[in-house]
Structures are given as C-alpha cells and as structure tokens.
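Note on naming: letters A, B, ... go to the chains in the order of the sequence lines (proteins, then strands), and numbering restarts at 1 for each one. Hydrogens, waters and symmetry mates play no part in the numbers below; they use all other heavy atoms, side chains included.
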Amino acid sequence: MPPGTGRADPYRVWLSEVMLQQTTVAAVKNYFIRFTTLWPRVEDLAAAPDAQVMAEWAGLGYYARARNLLACARAVAASGGGFPDTRAGLLTLPGIGPYTAAAIAAIAHDAPETVVDGNVERVVARLFAVQTPLPAAKPELTALAARLTPRTRPGDYAQAMMDLGATICTPRSPACALCPLSDMCDARAQGIAPELPRRAPKAPKPQRTGIAWVARSADALLLEERPAKGLLGGVLAFPSTGWDGREMPPPCPADWRHLGEVRHVFTHFNLSLTVMAGDLAGPATRGRLVPLRQFDRSALPGLMRKVWDMARDQVKQ
DNA sequence: AACACGTGGGA
DNA sequence: TTCCCAAGTGT
C-alpha cells in the first residue's frame with residue numbers, strides 16, 4: 001500500500017495492534033500470519049470456536065486479549081457494518097482502549113488522531129524534557145503529543161513516531177546522533193535523554209509456589225480449561241493448585257512421582273511450580289482426558305509448556 | 001488510582 | 001543471574 005492512502009484493512013490493523021499490545025514485533029509475527037491465514041476476514045474469526053482461538057493465541061500471553069478479540073470480532077460481525085471508523089466508535093469495542101482506537105483510526109482511516117504508546121511517551125518525554133515520572137506523566141505526555149500530530153498523513157506520522165522510539169530513541173542508549181529530531185530535543189540539550197522518561201519505583205515481585213499434576217491414562221493426558229477470568233484465563237492447562245500456597249488435593253488418584261520445579265516469571269510475581277507425574281488410577285475430579293494423538297504442546301501457555309517439557313519423557317516413555 | 005494480566009529478548 | 005521492559009486494557 002502506498003504511504004498515506006489510509007487504505008489498510010481495518011481488520012488487519014486491529015488484529016496486529018491488539019497482538020502488539022505489550023508485545024514485541026518478533027513475538028507477534030508468526031501469530032499474525034497464522035491468524036490471518038486461518039481467518040482472513042473478521043467474519044471468519046467471529047465464527048471460530050472459542051477453544052480454537054485460545055489455542056492459537058497460546059504462548060502470546062495476556063489471554064484476556066484473546067477473549068476480548070473474539071468478543072470484538074463477534075460484535076463487529078454482528079453489526080454488519082465492519083469496524084467503526086472513528087476513535088469514539090472503536091473505543092466502545094472490547095479490548096480496544098485509547099491507544100488501539102487511535103491507531104486504527106489513524107492508520108486504517110487516516111483520521112488525525114494522536115497515537116500514544118510507550119514509544120511515543122518516551123520520545124515526547126525527551127523532546128520536552130518532562131521530569132514527571134510515569135505513569136502520572138501520561139496525561140501531560142498525551143497533551144504534548146497531540147500538539148505534534150499533523151493533519152496530513154496522521155497514520156504514517158504515528159507509525160514513524162513509534163518506529164523512532166523503537167529504533168533510535170530507545171530506552172537505554174538512544175542514538176541521538178542519528179535522530180532527525182535531535183536539534184529540537186530538550187533532553188538531548190540537557191544531556192539527560194537516557195534518563196527519561198522517569199518512572200515511579202516498582203514494587204518487588206513476591207515469590208509464589210504451587211503444584212501441577214501431569215496425569216496419564218493409557219494414551220491420554222488429563223487437562224483442563226482454566227477459568228475464564230483471571231490468570232491464564234480460558235487457556236488449556238495441566239490441573240494445578242492455586243499459587244497462593246494453599247493445599248489442594250490432586251485431580252485424580254495416582255502414584256505421584258516428583259519430577260522437579262518449573263520457574264516462571266509473571267508480570268507481578270515469580271512462580272516456582274512443582275511438577276508431579278503419575279498414571280491415572282481412578283476417576284478424575286477435574287479436567288478431561290485428551291488423547292495424546294490430539295494433544296498439541298503449542299495449545300498450552302508458556303508456563304504449561306515448561307511443565308510438559310519436564311514431564312514428556314516420563315509420560316511418553 | 002492502583003493493580004492484574006504473559007512472555008521473551010537484550011544488556 | 002538479574003533486571004528492564006514492549007505497539008495497553010479492564011476493573
């Protein structure tokens with residue numbers, strides 16, 4: 001597509017922007033290709049089964065995005081009119097917040113909306129030498145960014161600002177010598193570009209523990225969908241305790257063997273998960289048996305892939 | 001307003 | 001190893 005023509009497919013813009021929330025381009029790339037191949041139009045995605053979408057999203061993280069993605073696709077498909085073409089209209093859809101609404105309006109519809117993501121926050125904080133720490137500085141940075149937004153080619157401008165932040169005006173060692181805006185950058189003039197934006201100190205991550213059980217029955221594994229809300233909501237997993245230190249019985253009788261500990265880092269805590277494996281020796285109280293032939297490691301979230309990788313040799317013999 | 005919510009890569 | 005943090009949203 002030629003630059004500035006505002007003809008990007010809103011469906012693809014929306015899908016990529018949602019995938020890119022808090023996620024790097026490298027991590028998103030193959031997921032985007034896979035989703036657009038399976039579901040070329042928003043109506044196709046809307047018609048997909050929940051479990052398939054969750055399985056395809058597995059590994060990308062922030063699973064509420066996948067649940068909202070499907071809800072949004074179904075709302076758009078049901079409306080029959082495609083995606084809204086205004087920021088305000090987009091904002092009413094699940095999973096579309098201020099950033100994504102502005103990005104779709106600017107990139108797909110060439111609307112003069114101001115797109116503010118982490119990159120733009122950093123670029124603007126440096127251009128104007130904003131000393132207020134994030135996240136309190138957000139409104140101030142948004143207002144400053146709005147003053148910069150051009151009326152022509154706002155979509156290209158938005159992508160250029162994000163690219164500048166991603167490649168030149170980077171968090172640690174900004175390449176000011178290569179920056180086209182260095183002449184007008186207050187932080188550069190003051191020699192404090194690498195220190196901005198300032199951030200409020202963050203709380204240390206608590207350490208949590210739990211147990212995951214890998215149970216085999218003949219040629220099947222005991223798995224369950226996690227509850228729709230909360231951590232890893234709606235995604236496939238091995239039965240486990242809550243990760244609050246409370247006791248919980250295993251999901252079925254078995255002669256459990258201790259395989260080891262899996263460590264995993266979540267946004268707000270560290271987890272050490274004890275992996276137990278055994279042969280199902282009676283009825284299960286949770287989960288369902290998934291034939292090994294149907295089992296697909298890629299349908300598991302990252303944590304559960306680690307659990308499986310530890311248990312697979314034991315289970316598959 | 002503050003917190004919940006994944007993961008992987010770079011320094 | 002450890003820390004930082006990346007194209008945020010929902011509650």
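Between the CD atom of A/Glu121 and the P atom of C/dT9 there is a distance of 11 Å, rounded to whole Å. Distance A/Lys205 NZ to C/dT1 C1': 14 Å, rounded to the nearest Å. One interatomic measurement links the two molecules: CZ of A/Arg208 to C1' of B/dG6, which rounds to 14 Å at whole-angstrom precision. In this structure, A/Gln22 places its CD atom 12 Å from C1' of B/dA4, rounding to the nearest Å. Here B/dG6 presents its P atom at 18 Å from CD of A/Glu56, a figure rounded to the nearest Å. In this structure, A/Leu91 places its CG atom 16 Å from P of C/dG8, rounding to the nearest Å. Distance CG (A/Leu303) to C1' (B/dC5): 14 Å, rounded to an integer number of Å. The separation between A/Lys138 atom NZ and B/dC3 atom C1' is 16 Å, rounded to whole Å.
A donor-acceptor contact closer than 3.5 angstrom is absent between the side chains of A/Thr170 and A/Arg122. Side chains of A/Gln21 and A/Tyr99: a donor-acceptor N/O pair is absent below 3.5 angstrom, by distance only. Side-chain contact check for A/Thr114 and A/Thr149: at least one donor-acceptor pair (N or O, by modelled atom type) lies under 3.5 Å.
Annotation: cation-pi pair A/Arg226/A/Trp243 present, NZ/CZ under 6.0 Å from the ring centroid and within 45° of its normal.
Taking only side-chain atoms of A/Arg172, from C-beta outward, the nucleotide of B/dA11, C/dG10, B/dC5 with the closest atom is B/dA11. Across C/dT9, B/dG6, C/dC5, the shortest atom-to-atom separation from the side chain of A/Arg199 is found for C/dC5. Checking B/dA11, C/dT9, B/dT7 against the side-chain heavy atoms of A/Pro301 singles out B/dT7 as nearest. Residue A/Phe266 has its side chain nearest to B/dT7 when only B/dC5, C/dA6, B/dT7 are considered.
The base of B/dG6 sits with one of its N or O atoms less than 3.5 Å from a complementary donor or acceptor on the side chain of A/Tyr62. Residue A/Thr24 places no side-chain atom within donor-acceptor reach of the base of B/dG9, judged by atom type and a 3.5 Å distance cut-off alone. Between the side chain of A/Thr23 and the base of C/dG8, no donor-acceptor pair under 3.5 Å is found.
Only the P atoms considered, C/dT11 is 14 Å distant from B/dG6, to the nearest whole Å.
Taking only side-chain nitrogens and oxygens, A/His264 never comes nearer than 4.0 Å to OP1 or OP2 of B/dG6. The phosphate of C/dT9 (OP1 or OP2) has a side-chain N or O of A/Thr100 nearer than 4.0 angstrom. Residue A/His268 places none of its side-chain N or O atoms closer than 4.0 Å to OP1 or OP2 of B/dC3. Phosphate proximity of B/dC5 to A/Lys229: absent, as no side-chain N or O sits under 4.0 Å from OP1 or OP2. Distances shorter than 4.0 Å separate none of the side-chain N or O atoms of A/Arg65 from OP1 or OP2 on B/dG6. At the phosphate of C/dG8, neither OP1 nor OP2 sits under 4.0 Å from any side-chain N or O atom of A/Gln21.
With the nearest nucleotide of DNA chain C identified for both A/Pro94 and A/Leu20, A/Leu20 has the one nearer the 5' end. Mapped onto DNA chain C by nearest heavy atom, A/Leu93 and A/Gln159 fall at different nucleotides, with A/Gln159 at the one closer to the 5' end. Both A/Gly61 and A/Pro135 lie close to DNA chain B; mapped to their nearest nucleotides by heavy-atom distance, the more 5′-ward contact belongs to A/Pro135.
Here A/Val265 lies in heavy-atom contact (under 4.0 Å) with a base. Nucleic acid contact for A/Lys202: sugar-phosphate only, since backbone atoms but no base atoms lie under 4.0 Å from a heavy atom of the residue. Residue A/Arg263 is classed as having no contact, given no heavy-atom separation below 4.0 Å to the nucleic acid. Residue A/Gly233 is classed as having no contact, given no heavy-atom separation below 4.0 Å to the nucleic acid. Within 4.0 Å of A/Leu60, counting heavy atoms only, lies at least one base atom of the nucleic acid. A/Gly165 comes within 4.0 angstrom of no nucleic acid atom, judged by non-hydrogen atoms across all strands.
Using a cutoff of 4.0 Å between basic side-chain nitrogens and carboxylate oxygens, A/Glu224 and A/Arg288 are not scored as salt-bridged.
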Run the side-chain hydrogen bond (donor to acceptor under 3.5 Å, both in side chains) test on A/His264 and A/Lys306 for me, step by step, so that the C-alpha distance in whole Å, both residues' side-chain angles and the decisive distance to 0.1 Å come before the verdict. CA-CA 9 Å; A/His264 196 72; A/Lys306 292 181 185 176; 2.9 Å; yes

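Listed for the A/Thr92 side chain is a donor-acceptor partner under 3.5 Å among the backbone atoms of A/Gly89.
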